[in-house]
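Note that ligands are numbered from 1 as they come in the structure, with each ligand's atoms numbered from 1 the same way.
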Amino acid sequence: MAEEDPQEQLLQAQILKHTFGFVYSFVLKCSIELGIFDTIHNNRGNPMTLSILATSISNTILSISNHKLYRLLNYLVHMGLLQKHVTFAVEGEGRKEEPEFSLTDLGEFLLKDGEKSLASWALAIIDEGDMGCWHQLSSCCSSKDDQRTAFERIYGASVWDLAAKDAEVNRVINDAMAGDTRLVMPAFIQGCSSVLEGIGSMVDVGGGTGMAMSMVAEAFPHLKCMVFDLPHVVATAPQLSHVSMVGGDMFQSVPSADAILLKFMLHNWQDDECVKILKKCKEAIPKEAGKVIIMDIVVDSEMENSDLTHSKLSLDIDMMITSGGRERTVEEWERLLDIAGFRSHEIIPIITIQSVIVAYP
Ligand SMILES: C[S@@+](CC[C@H](N)C(=O)[O-])C[C@H]1O[C@@H](n2cnc3c(N)ncnc32)[C@H](O)[C@@H]1O
């Protein structure tokens, strides 16, 4: 009989872990939808027993089973989003084990209205409508003429064209991006105040509903701030004090300013489209002192086995199937800026998934 190799068992488990990667996504989605994180949080920071939690999240449409909820909660403990505490309740003569659950620091990121909430971003990425796109990944890898993304094959329109026609798609995208912005802009403001020295005006191109600019305007009150995005996005944006909103198409022209911000923009586009956008931005800033400030992912050349690299590479594939863009390495960013005619640039790492790339005309 062949000797069993313990190493092989580990390898099999690793393959199953990759095969079941989607379980993480769906348990996360379901838990946000059921309001598990918010309900525990609203218990004034105290752990909650399984039965009270089940009663609290049950509603008129859905009556929650304690047993099924318990399995879900165990998975969330496995994911590091909840912590389990075992307590004992008196029952008749004996004592019955009663598990309680509390939020971990990681789970706090999934509170719907938390200051650092990634809940709407997670829901947008695990959106039911986008799931079909993932099944088209193989055809997306084709080198043949049909260069449409999986999203375009399914919906017959780009993400942005569909958002212009469908108010709910528009809302999901804008809420998701506002969530990312709330989380990352403090790091930008803290780490890049020197980048804004000597700058009197700034336009956030593709700035969504204005979250980034309103945070910049609050931190740097002397700055004249503007958001530029497609008309259907600007139309749904709230009125913001000290931030003006302009609708338009960045491929046609970009409003003039001392600095232009491109946050999570260029990763949505292919290289030739990025060069067009960058050239329009270059035309809109002063030749000597102007700046284009890019906040985007820089993929590490060494594919280390870290959560950060995993997230960046996952977003890269997400871009392939949805918008048709990509994430880029330092060398790829350098090449792009060079072709677009920028004289120099610097990359400033900040404590977020994105880095800041300042390009000088
Ligand atoms: C991924 S979102 C980024 C939003 C925002 N910069 C952020 O990081 O939160 C891309 C944005 O680009 C905008 N956009 C797409 N095509 C555009 C165009 N041709 N002109 C102006 N904005 C455009 C979209 O409407 C959307 O708000």
Side-chain angles (χ1 to χ4, degrees), residues 116-118 120-122 124-125 127 130 149 151-152 157-189 192 202-216 225-238 240 243 245-255 257 259-270 272-281 283-284 292-297 315-316 318-328 350 352-357:
K116 297 187 165 186
S117 176
L118 280 172
S120 33
W121 211 44
I125 289 176
D127 183 68
D130 284 1
T149 63
F151 191 95
E152 288 160 353
S158 73
V159 175
W160 320 118
D161 287 345
L162 189 69
K165 284 188 249 161
D166 186 326
E168 180 57 12
V169 174
N170 189 29
R171 186 196 64 75
V172 168
I173 296 173
N174 295 337
D175 284 0
M177 297 321 302
D180 172 71
T181 302
R182 256 194 311 270
L183 193 69
V184 304
M185 281 317 275
F188 171 83
I189 287 164
C192 296
M202 191 166 174
V203 178
D204 186 3
V205 171
T209 47
M211 178 65 74
M213 271 300 98
S214 68
M215 293 171 86
V216 168
C225 293
M226 179 190 284
V227 171
F228 179 74
D229 206 302
L230 291 167
H232 68 267
V233 176
V234 169
T236 55
L240 299 168
V243 178
M245 310 284 300
V246 173
D249 176 359
M250 64 188 168
F251 288 102
Q252 300 299 322
S253 71
V254 162
I260 282 174
L261 177 65
L262 287 170
K263 174 184 167 285
F264 248 173
M265 284 298 290
L266 297 177
H267 81 154
N268 289 126
W269 301 95
Q270 294 179 14
D272 54 342
E273 295 161 325
C274 286
V275 169
K276 281 185 198 152
I277 300 167
L278 283 165
K279 282 185 172 168
K280 289 289 173 203
C281 293
E283 282 167 16
V292 174
I293 303 165
I294 300 163
M295 272 183 88
D296 227 314
I297 282 172
L315 268 166
D316 182 47
D318 190 37
M319 290 304 115
M320 191 192 317
I321 63 158
T322 53
S323 62
R326 56 177 306 180
E327 307 305 345
R328 296 177 169 89
I350 52 172
T352 67
I353 190 167
Q354 298 104 332
S355 297
V356 175
I357 305 166

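Geometrically, ligand 1 and K263 share a nitrogen or oxygen pair separated by less than 3.5 Å. Of the N or O atoms in M250, one or more lie within a sub-3.5 Å distance of an N or O in ligand 1. Distances between N or O atoms of D180 and those of ligand 1 include no value under 3.5 Å.
Looking at M295 and V184, their side chains come closer than 4.5 Å, going by heavy atoms from C-beta outward. Side-chain contact between I125 and D130 is absent, with no heavy atoms from C-beta onward closer than 4.5 Å.
Ligand-side atoms of ligand 1 in range of D249: 18 (C), 19 (N), 20 (N), range being under 4.0 angstrom from any heavy atom. Ligand 1 places these atoms under 4.0 Å from at least one heavy atom of W269: 16 (N). Listed by number with element, the atoms of ligand 1 under 4.0 angstrom from any heavy atom of M265 are 10 (C), 11 (C), 12 (O). Of all atoms in ligand 1, numbered sequentially from 1 with element shown, those under 4.0 Å from a heavy atom of N268 are 1 (C), 10 (C). Every atom of ligand 1 with a heavy atom of F264 under 4.0 Å away is listed here by number and element: 1 (C), 3 (C), 8 (O). For ligand 1, the atoms lying closer than 4.0 Å to a non-hydrogen atom of G248 are 20 (N), 21 (C).
Of the heavy atoms in L230, both backbone and side-chain atoms come closer than 4.0 Å to ligand 1. With a 4.0 Å cut-off on non-hydrogen atoms, V233 touches ligand 1 through its side chain and not its backbone.
Of all protein heavy atoms, the one closest to atom 5 (C) of ligand 1 is G206 O, 3.1 Å. Considering only non-hydrogen protein atoms, atom 2 (S) of ligand 1 sits nearest to M177 CG, 3.8 Å. Here the heavy atom of the protein found nearest to atom 25 (O) of ligand 1 is D229 OD1, 2.7 Å.
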Can you list the steps and then say if D296 with L262 is a side-chain contact (heavy atoms from CB on, under 4.5 Å)?
CA-CA 8 Å; D296 227 314; L262 287 170; over 6 Å; no
Would you sort out whether W160 and I173 count as a side-chain contact (heavy atoms from CB on, under 4.5 Å), showing the intermediate values?
CA-CA 9 Å; W160 320 118; I173 296 173; 4.2 Å; yes
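Between R171 and E168 there is a salt bridge, since a side-chain N of the basic residue sits under 4.0 Å from a carboxylate O of the acidic one. Checked for salt-bridge contact, K263 and D180 meet the test: a charged N lies under 4.0 Å from a carboxylate O.
For the side-chain contact (heavy atoms from CB on, under 4.5 Å) with I294, the lone residue among L278, L261, V356 that qualifies is L278.
F264 and W121 have parallel rings, their planes meeting at less than 30° on a 0 to 90° scale where 60° marks the start of perpendicular.
Here the side chain of N174 pairs no donor or acceptor atom with the backbone of G208 at under 3.5 angstrom.
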